[in-house]
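Notes follow once the structure below has been shown.
In this text, all values refer to a predicted model and were calculated from it rather than measured experimentally.
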Amino acid sequence: MKAGLTIKIIGTGEVKNLLREYALTIDSESIELCYAENEKKAREQLGPKVLDLLKQYCFTIVTKNKYDGEQIEKQQSTIPESSTLPENNIGTKMMKSMGWCGQGLGKNRSGIQNPIEIQENVNRLGLGGSKNCKNMIAQINKYLETYIQMQHTHSLVFSPDFTNDERKFIHEAARRLNLQSKSHGKGTNRQLTVQRKLSAWKIVEDLLAVGGSTSKYDLIKPIAL
């Protein structure tokens, strides 16, 4: 099977009833003729035939989920699993120095048993969440560089909470690193995906290796195969 086909719609120079003749060719071989006012009209007429031919001789890659991949959120808070503070906590030490030995506070010892602790936000995926713009830019650059070094082929999916300016920077960073980036959706649902540039044949080979289907793609084999 050939690695590729050259499909063209070209004018032959013939004219009939004020309409020009156009030919659908594959590797310079004429397959179908039509008469049309111009090339655009000829493409509209011959388009369905082109699709039928492609299905006959070429693989078809169907994208099932464009948001499939590693989800990158700008900021996410987590709550500590345990509310028990360590013995070396400064609040614990102060209370023990005043006679507290672990029971509840208050007259009936029914109050809280642990010193109040300030909860802090934790960035699960390490992107954003910082008031320092330069810090976030550095984190994104580092994340994309690591993605390249690890030879990953899955997509990175940046959540809708990134601003327009932040998405613009991610697009620029991806372009500098020769990665492919694209925004999807509108308004508050707008998301950005970044992935390694893969040829169609690379995707086909990977899909064939796993039986023709992944969570993101389905592969339809040529009818003539």
Side-chain angles (χ1 to χ4, degrees), residues 1-7 51 54 58-82 117-222:
M1 180 181 297
K2 291 186 176 182
L5 299 172
T6 303
I7 300 175
L51 290 177
L54 290 174
C58 302
F59 286 96
T60 301
I61 301 170
V62 180
T63 301
K64 296 189 296 185
N65 181 9
K66 59 190 173 185
Y67 298 122
D68 181 74
E70 183 177 349
Q71 304 294 317
I72 309 298
E73 297 184 3
K74 182 176 177 181
Q75 180 177 344
Q76 191 167 20
S77 299
T78 58
I79 299 175
E81 295 182 0
S82 173
E117 181 186 16
I118 297 175
Q119 304 293 332
E120 296 181 353
N121 290 335
V122 178
N123 299 322
R124 287 185 177 174
L125 294 178
L127 286 183
S130 171
K131 294 181 180 180
N132 188 333
C133 182
K134 290 183 179 180
N135 183 47
M136 191 194 72
I137 288 173
Q139 290 180 69
I140 291 175
N141 276 324
K142 184 176 180 180
Y143 200 90
L144 293 180
E145 289 169 359
T146 301
Y147 170 79
I148 293 175
Q149 293 170 3
M150 297 297 291
Q151 297 294 310
H152 290 313
T153 57
H154 63 259
S155 299
L156 300 177
V157 183
F158 291 83
S159 63
D161 54 356
F162 284 88
T163 66
N164 288 335
D165 288 339
E166 290 164 349
R167 283 196 298 269
K168 181 180 178 182
F169 170 77
I170 297 171
H171 279 300
E172 293 172 350
R175 185 168 58 251
R176 285 197 308 270
L177 295 170
N178 199 33
L179 295 171
Q180 179 180 336
S181 64
K182 187 174 182 179
S183 289
H184 311 268
K186 296 181 179 180
T188 56
N189 294 320
R190 195 158 180 79
Q191 290 183 261
L192 185 154
T193 59
V194 175
Q195 67 180 40
R196 190 182 304 278
K197 291 181 179 179
L198 300 174
S199 68
W201 273 108
K202 173 60 177 173
I203 297 175
V204 167
E205 289 173 354
D206 290 346
L207 286 170
L208 287 173
V210 295
S213 182
T214 65
S215 57
K216 184 173 183 177
Y217 298 117
D218 274 337
L219 181 67
I220 301 175
K221 295 181 179 180

Flag the pair [X] / [Y] as yes when at least one side-chain heavy-atom distance between them is below 4.5 Å, and no otherwise.
X: His184; Y: Thr193; value: yes
X: Glu73; Y: Ser159; value: yes
X: Tyr217; Y: Val62; value: no
X: Thr60; Y: Leu219; value: no
X: Phe59; Y: Ile203; value: no
X: Val194; Y: Ser181; value: yes
X: Tyr147; Y: Gln195; value: yes

Within this structure, what is the [atom1]-[atom2] distance for the pair [X] and [Y], rounded to the nearest 0.5 Å?
X: Leu207; Y: Lys221; atom1: CG; atom2: NZ; value: 11.0 Å
X: Leu51; Y: Cys58; atom1: CG; atom2: SG; value: 11.0 Å
X: Ile220; Y: Ile61; atom1: CD1; atom2: CD1; value: 10.5 Å
X: Thr163; Y: Glu166; atom1: OG1; atom2: CD; value: 3.5 Å
X: Ile170; Y: Leu179; atom1: CD1; atom2: CG; value: 12.0 Å
X: Asn65; Y: Thr214; atom1: CG; atom2: OG1; value: 9.5 Å

So, does [X] use its side chain to make a donor-acceptor pair with the main chain of [Y] at under 3.5 Å?
X: Arg196; Y: Ile148; answer: yes
X: Glu172; Y: Phe169; answer: no
X: Tyr67; Y: Leu192; answer: no

TODO: Sequence neighbours left out, what passes side chain to side chain donor-acceptor pair (under 3.5 Å) with Gln191? Give chain and number order.
DONE: none

Open item on the list: If the condition is side chain to side chain donor-acceptor pair (under 3.5 Å), which residues does Ser215 pass it with, not counting sequence neighbours?
Closed with: Asp68

TODO: Just grab all the salt bridge (charged side-chain N to carboxylate O under 4.0 Å, His left out) pairs involving residues 209-218, residues at least two apart or on different chains.
DONE: Lys64-Asp218

- [ ] With sequence neighbours excluded, give me every salt bridge (charged side-chain N to carboxylate O under 4.0 Å, His left out) pair touching residues 173-185.
- [x] none

TODO: Starting from the C-alpha separation in whole Å, work towards a yes-or-no answer on side chain to side chain contact (heavy atoms under 4.5 Å, CB included) for Glu145 and Leu177.
DONE: CA-CA 8 Å; Glu145 289 169 359; Leu177 295 170; 4.2 Å; yes

- [ ] Return the set of residues passing salt bridge (Lys or Arg N to Asp or Glu O under 4.0 Å) with Lys202 (not counting sequence neighbours), or none when no residue passes.
- [x] Asp206

Task: Step-by-step side chain to side chain contact (heavy atoms under 4.5 Å, CB included) determination, Tyr143 to Glu70 - done: CA-CA 12 Å; Tyr143 200 90; Glu70 183 177 349; 2.3 Å; yes

Open item on the list: If the condition is ring-ring contact (aromatic ring centres under 6.0 Å, His included), which residues does His171 pass it with, not counting sequence neighbours?
Closed with: none

